[in-house]
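Chain letters run A, B, ... following the sequence lines, proteins first and then strands; every chain starts at 1.
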Protein chains: 2
Amino acid sequence: MNKGSYTYEYPRPSVTTDCVIFGFDSDGLSVLLIERGIEPFKGCWAFPGGFMQMDEDAETCARRELEEETGLKADYVEQFGTFSDVNRDPRGRTVTIAHYALVKKSEVKGADDAAQARWFPIGNIPPLAFDHDRILRVALKALREKIHFEPVGFELLPQVFTMPQLQDLYESILEVKFDRRNFASKMLKLGILNEVDDGTVRKGTRNPIKYSFNPESYSQMKAKGFRLEF
Amino acid sequence: MNKGSYTYEYPRPSVTTDCVIFGFDSDGLSVLLIERGIEPFKGCWAFPGGFMQMDEDAETCARRELEEETGLKADYVEQFGTFSDVNRDPRGRTVTIAHYALVKKSEVKGADDAAQARWFPIGNIPPLAFDHDRILRVALKALREKIHFEPVGFELLPQVFTMPQLQDLYESILEVKFDRRNFASKMLKLGILNEVDDGTVRKGTRNPIKYSFNPESYSQMKAKGFRLEF
DNA sequence: CTAACTTTGCGTAAAAATTACACATATAAT
DNA sequence: ATTATATGTGTAATTTTTACGCAAAGTTAG
């Protein structure tokens, strides 16, 4: 990372990436935020992100900043929009390429390096820096639309999960309620769930069946051309 | 637009916008391209676009470049992705914020200033400059997904159109075939079409009924929360 | 000019998908 | 010990989607 002086014939905006990190557990959908220690917006919370280097593309940058600032490596990172309002950063003209990441919260609890990083449930977001409130709204919209076509929810759940957990996830993201029985039959009919045999003999129904996601059968379905609807 | 010298502590990529312009007529879906007169990619075709100014956001820039290079003012312009591969422009690191525009081809035929601008049907695209072939593929995907949720097709048709025209449009964009009768009843059931009385007495059915899009009833439906599915 | 063909609108029966619930059972709560 | 709760399974009613027939008038071919 050379520091020095770079001169151009025309002015150029800074280019950054930001990453909205979604996690899910029994408390519902949350995002991981970082508290800003300096002005501007000192004390506000913000998404991890930073300047794009000359030798990396946007997604690479988003993954790097994500790891540097939170210690997390996310499997699933996707760009959902670029924000370029002229006055979005008081320090100077900055364009940010926004991404969202999906992480299995169960596998990373407390694994965030940054002491000032914290999970906030979607319904209880603190004041955000810059235009990050707008970015969050757009991220949520993008996630909601995405889940209608791809089973992104499985990126947010543990390897092994139950049908009620899966339903909770869909209901949290889409902010709707499904009939329990209809949801289960629809999900099972898709054929992308494997029943997991965890040894325990299932007597009664109070302890739910464990499932895992089957990426192979999903790829097959996708190849044939189908749509996942909810 | 000051020309001069602008110096920064860290290197910055150039930021441009590009605009994929979609049009539709009896020949199907096409895009408007500009032939490059200079290297690199001299003789290849490209989307209109150019450098973002410091006092405009991305969409404003896309609309400005669109008008400067083709003379067109588009009603509908939407960002669909940002392309940031390190080597996408041989002249230097450049990030482009890509948009697509929908225009009523019927109203602008031949109205493009740029002599070297030409419409190309989607099925017959010439060699494109830079990574514009990839950008086109992503644009098409974005348009296809969008049309499932919003009646963007009406931006591409004349004010007054017929049911077969509307069906052709959907079939061109989605690359599928619908049953004529089912398509019409589904469309009419949406309640966003006004029958246009053009004076002529409709004897027989060979001359089709004329319709226009009703934005008011569409807004109402949208407010109530619905989804347009095809 | 006439006959065959095509385009459009309207309508309907069959198939498929969605919706709304009932019941049984073992665990959890009181 | 009794009651309430969470889960799995199934099914009937409703709605939506699909497939296709028919009639009227313009278009085309000879």
Point to revise | Any residue meeting side-chain hydrogen bond (donor to acceptor under 3.5 Å, both in side chains) with B/T17, in chain and number order, not counting sequence neighbours | key: none
Atom pair distance, as rounded to whole Å: [atom1] in [X] and [atom2] in [N]:
{"X": "B/K189", "N": "C/dG11", "atom1": "NZ", "atom2": "P", "value": "14 Å"}
{"X": "A/L188", "N": "D/dT9", "atom1": "CG", "atom2": "P", "value": "8 Å"}
{"X": "B/F183", "N": "D/dT17", "atom1": "CZ", "atom2": "P", "value": "14 Å"}
{"X": "A/Q165", "N": "D/dA6", "atom1": "CD", "atom2": "C1'", "value": "14 Å"}
{"X": "B/F178", "N": "C/dG9", "atom1": "CZ", "atom2": "C1'", "value": "19 Å"}
{"X": "A/E195", "N": "D/dG8", "atom1": "CD", "atom2": "P", "value": "9 Å"}
{"X": "B/Q167", "N": "C/dG9", "atom1": "CD", "atom2": "P", "value": "10 Å"}
{"X": "B/M187", "N": "C/dG9", "atom1": "CE", "atom2": "P", "value": "14 Å"}

Quick check: any donor-acceptor pair below 3.5 Å linking the side-chain of [X] to the base of [N]?
{"X": "B/R181", "N": "C/dG9", "value": "no"}
{"X": "A/R206", "N": "C/dT25", "value": "no"}
{"X": "B/N207", "N": "D/dA25", "value": "no"}

Point to revise | Non-hydrogen atoms of B/W45 and B/E35 that approach each other most closely | key: CE3-N, 3.4 Å
Exercise for review: Could you pick out which residue, B/E229 or A/K210, lies toward the 5' side of DNA chain D when each is mapped onto its nearest nucleotide?
Suggested key: A/K210
**Study point:** 5′-ward residue of the pair B/D179/A/A184 relative to DNA chain D
**Key:** A/A184
Practice item. Compute the centroid of each ring, for B/F213 and then for B/F161, and state whether the two points are separated by less than 6.0 Å. Key: no
Revision key, fill the gap. Rounding to 0.5 Å, atoms NZ (A/K177) and CD (A/Q167) come to a distance of 8.0 Å
Check your understanding: Is the side chain of A/D85 donor-acceptor paired with the backbone N or O of A/R88 at a distance under 3.5 Å, no angle test?
Key -> no
Checking contacts here: which listed nucleotide ([options]) is nearest the side-chain heavy atoms of [X]?
{"X": "B/N182", "options": "D/dT7, C/dA20, D/dT18", "value": "D/dT18"}
{"X": "B/P164", "options": "D/dC20, C/dG9, C/dA20", "value": "C/dG9"}
{"X": "B/K186", "options": "D/dG8, C/dG9, D/dT17", "value": "D/dT17"}

